[in-house]
Amino acid sequence: MRRFLLAILAISIFTVFIAVPLSDTRPNVVAEKHTRLKAEKLHYKVMFRWGLINKKAGEATLSLNHGADTYEAQLTARSEPWADRIYRVRDTLNGRMTYADFAPLFYEKIANESSDRKHDVVNYDYSHPGKTIANCTRKVWKKGVKKVDEIRKMESDRLALDMLTSFYFMRTLPFENWTKGHVEIADIFSGKQKEMLSIVYQGKQDIELDGQSHSTYHITFKFTSKGGAKTSDDMEAWIAAGSSRIPLKLEGKLPVGKVHCIYVKD
């Protein structure tokens, strides 16, 4: 159910209140570029839409806290009881990033989906100039039986992120300076593979949520493999164009219908 997970993950996009060009967010940059972020917690509802059906399918929470020397991020997602009968989701993503520029140091995904359990871990190595090395482990259980237990090493010679810390980096992108059609590219590590993430700017757009109009930046996310083949459907995001830059709405396709993640203001 990766499409469902991706849509939930997308809620963490752009929750960092800074504006640093992508080309400067390299792991070997040491000096801090921004005022240290405050601890925060954001809540989202996940809506399933198909024809006239518009029903809450799950919820997610994104937390950012301070460690001794690093930011500690966590994303938790769960499906609603009615959706559990179709496909039960209880996922947790943990990430650790530098205070200086949100360079990822550690990533962990603990996924409990239907009768399967997956545990991915990525540890980052920046000791090789010009390269980011990812030491990855992946374990998969199906109906309680371990089916996969792998160790892999991946590398990238450009900006390299993961499915949690990537969204903090993306918050640094200067959308206000881009023209429609602008594309930025980064590599994404998981315990299984390296993918290429293309961020396509679609321009500013007004959307209506809960009876109120919001000015937003509309973004499309494309995930592809090394050979250029799609690894999942595109995702759409609408990010508040004001100073908060909070993602207000995310949309992903399912085999039947769509899933929308909508920001719930405290």
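Bear in mind the structure is a predicted one, so any value in this text is a computation, not a measurement. Residues: numbered from 1 along the sequence shown.
Using the six-membered ring where Trp is involved, Tyr201 and Trp178 have ring planes that are perpendicular, over 60° apart on the 30 and 60° scheme. Classification of the His66-Tyr99 ring pair by plane angle, with boundaries at 30° and 60°, yields perpendicular.
Residues Glu236 and His218 form a side-chain contact, since some pair of their non-hydrogen atoms from C-beta on lies under 4.5 Å apart. The side-chain heavy atoms of Phe223 and Lys230, taken from C-beta on, include no pair separated by under 4.5 Å.
In this view, Tyr217 and Phe175 satisfy the ring-ring contact (aromatic ring centres under 6.0 Å, His included) rule, not counting sequence neighbours.
Side-chain polar atoms of His128 and Glu155 form no donor-acceptor pair below 3.5 angstrom. Residues Asp116 and Ser114 bring no donor and acceptor atom of their side chains to less than 3.5 Å of each other. No side-chain donor-acceptor contact under 3.5 Å links Gln74 and Thr76.
Atom NZ of residue Lys194 and atom OG1 of residue Thr132 lie 10.0 Å apart, to the nearest 0.5 angstrom. Taking CG of Leu105 as the start and OG1 of Thr70 as the end, the distance is 6.5 Å to the nearest 0.5 Å.
Geometrically, Lys258 does not engage Trp50 in a cation-pi contact defined by less than 6.0 Å to the ring centre and at most 45° from the axis.
With salt bridges taken as basic N to acidic carboxylate O contacts below 4.0 Å, one links Arg90 and Asp84. Of the charged side-chain nitrogens involved, at least one lies within less than 4.0 Å of a carboxylate oxygen, so that Asp120 and Arg138 count as a salt-bridged pair. Salt-bridge formation is detected for the pair Asp187/Arg158: a Lys NZ or Arg NE/NH1/NH2 atom is positioned less than 4.0 Å from an Asp or Glu carboxylate oxygen.
Heavy-atom contacts from other residues, nucleotides or ligands closer than 6.0 Å to CD1 of Ile53 number more than 12.
Residues in residues 203-223 take part in these salt bridge (charged side-chain N to carboxylate O under 4.0 Å, His left out) pairs, two or more places apart or across chains: Lys222-Asp234.
Remark: side-chain polar atoms of Tyr124 are paired, donor with acceptor, to backbone N or O of Leu161 under 3.5 angstrom.
Scanning both residues, Asp162 and Phe106, for their nearest heavy atoms gives OD2-O, 4.5 Å.
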